[in-house]
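Report on the following structure.
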Amino acid sequence: MTYDQVTVPEDGEKISLADDGSLEVPDSPIIPIIYGDGVGSDVGPAAQQVLEAAAEATGREINWMRVYAGESAREKYDENLPDETVEAIKEHRVAIKGPLTTPVGAGFRSLNVGLRKLLDLYANVRPTYHLDGVPSPVKSPEQMDMVTFRENTEDVYSGIEWEAGTDEVEKVREFVEDEMDQTNIIHNGPVGIGIKPITEFGTKRLVRRAIDYALEHGRDSVTLIHKGNIMKYTEGQFRDWGYEVAKEEYGDEVITEDTLWEERDGEAPDGAVVVNDRIADNMLQQILTRTDEYDVLATMNLNGDYISDACGAQIGGLGIAPGANFGDGRLLAEPVHGSAPKYEGQDKVNPTAMILSGRMMLEYLGWDDAADLVRNAIEETISSGKVTYDLERQLEDAEKLATSEYADEVVNNIEKLS
Ligand code: NAP
């Protein structure tokens, strides 16, 4: 495809898909990058520098292709999410982005949601693991090693809602009250109404992805998180469809918690993944009180956002927590944190979350050696007390570095360790 405002790197090659659906990754791939809004212009270049160094140290090269969304796109294209950006990510399959600002209450819809939906990136995956040297509010942060699989296209991300006082909401109110016989709740003056769709298709492909991950990575369990006691036909159904996948598609590789206790006295067969479920509010407690008992988590959109931030708080917070959105044969890496506008352009915030999101991208490319190097270099940097403001305020005798200085230090350590 030809681009209007985007420069395609001349030397790079495109990542493609083999007939069996696996990725074919050249040693010098083209990777689109969106810096994003707010602190994106600080953490984006920092991550680029570190990922480039790790690729180079392992005999490869990343050819960045800068694409635009949010503020930078408004400047270039006079729109928030240009078609070119979406097409560039589709065409090149693997990309990385920084945070994008979303106005609250009014204004345009979330560009993050738009991108994930347009690219059908249905699994938002957020690993939370502890890095050596990172301060934490809990006593044993090393017990935290969970990976949240959060459904990325349905639930609150469907964006189906109507504003109070509009003709539309009145039509929906009328329908719900008159046709569906629900008169008890929404007759008290102005009301906003939203719809929470949870489909069998969306649930099953997400849970399948979580179970596949657990099997491939030797994880012990997959926990389905829901509020099915209250939302029986949405969140409860998520749980039931999740168990259906586990029981019908995996044979002996997967065992449910009920069967485990009813038939095997709690002893899981070697290599099998145990599938269980927990109610969301209880789960927020469990991740603190029984941290080492949980492993892979699979849940709907809103629960996934809450749970993964709560997990992230135990391992250093938003400056550390990485993420990536997976579709079939496609990935868009992005940190969990937002654009933190108050720190924009100050060369201050922690780029680790964005760098570790890039690390997920390296793993997806099959560059595990480069991914390990990135993690080791970050641990080396933080353990030596060289950190950004967010960690420095929690550590004694640490040296506070700017975003760019921290990235330089990680690159130095990559060179030292390789
Ligand atoms: P936020 O941007 O994540 O920032 C909240 C706080 O988290 C910051 O004030 C800071 O805390 C800490 N933080 C975030 N990133 C950090 C980093 N890299 N290093 C160190 N500390 C970091 O959340 P928000 O203020 O709720 O959201 C701001 C905007 O971002 C909103 O428009 C929201 O919609 C958007 N957003 C976008 C995404 C995305 O693009 N995927 C995700 C979430 C939010 P302290 O000030 O306490 O140090």
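One-based numbering, in listed order, for ligands and for the atoms of each.
Under the 3.5 Å distance criterion, with hydrogens and angles disregarded, a donor-acceptor pair is assigned to the side chains of N325 and E334. Between the side chains of Q5 and Y77, no donor-acceptor pair is found at a separation under 3.5 Å.
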For ligand 1, list every N/O pair with the protein closer than 3.5 Å, one pair per line with the distance.
from	atom 1	to	atom 2	distance (Å)
ligand 1	2 (O)	G338	N	3.4
ligand 1	2 (O)	G338	O	3.4
ligand 1	2 (O)	S339	N	3.2
ligand 1	2 (O)	A340	N	2.7
ligand 1	3 (O)	G338	N	2.7
ligand 1	18 (N)	H337	NE2	3.3
ligand 1	18 (N)	N350	O	2.9
ligand 1	19 (N)	N350	N	3.0
ligand 1	21 (N)	Y389	OH	3.2
ligand 1	30 (O)	S339	N	3.0
ligand 1	30 (O)	S339	OG	3.3
ligand 1	32 (O)	T102	N	2.8
ligand 1	32 (O)	T102	O	3.1
ligand 1	34 (O)	T102	N	3.4
ligand 1	40 (O)	L100	N	2.8
ligand 1	40 (O)	N112	OD1	3.0
ligand 1	40 (O)	N112	ND2	2.9
ligand 1	41 (N)	E334	OE1	3.1
ligand 1	46 (O)	K342	NZ	3.2
ligand 1	46 (O)	Y343	OH	2.6
ligand 1	48 (O)	Y343	OH	3.4
ligand 1	48 (O)	Y389	OH	2.5
ligand 1	48 (O)	R393	NH1	3.3
ligand 1	48 (O)	R393	NH2	3.0

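For the pairing with V8, the side chain to side chain contact (heavy atoms under 4.5 Å, CB included) check across M65, K14, M1 returns one residue only, M65.
Listed by chain and number, the residues in a ring-ring contact (aromatic ring centres under 6.0 Å, His included) with F326 are Y364 (sequence neighbours excluded).
To the nearest 0.5 Å, atoms CD1 (I279) and CD (Q286) are separated by 11.0 Å.
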(request) Start with the C-alpha distance between Y343 and Y389, add both sets of side-chain angles, then the distance that settles ring-ring contact (aromatic ring centres under 6.0 Å, His included), and finish with yes or no. (result) CA-CA 11 Å; Y343 298 127; Y389 86 98; 5.2 Å; yes
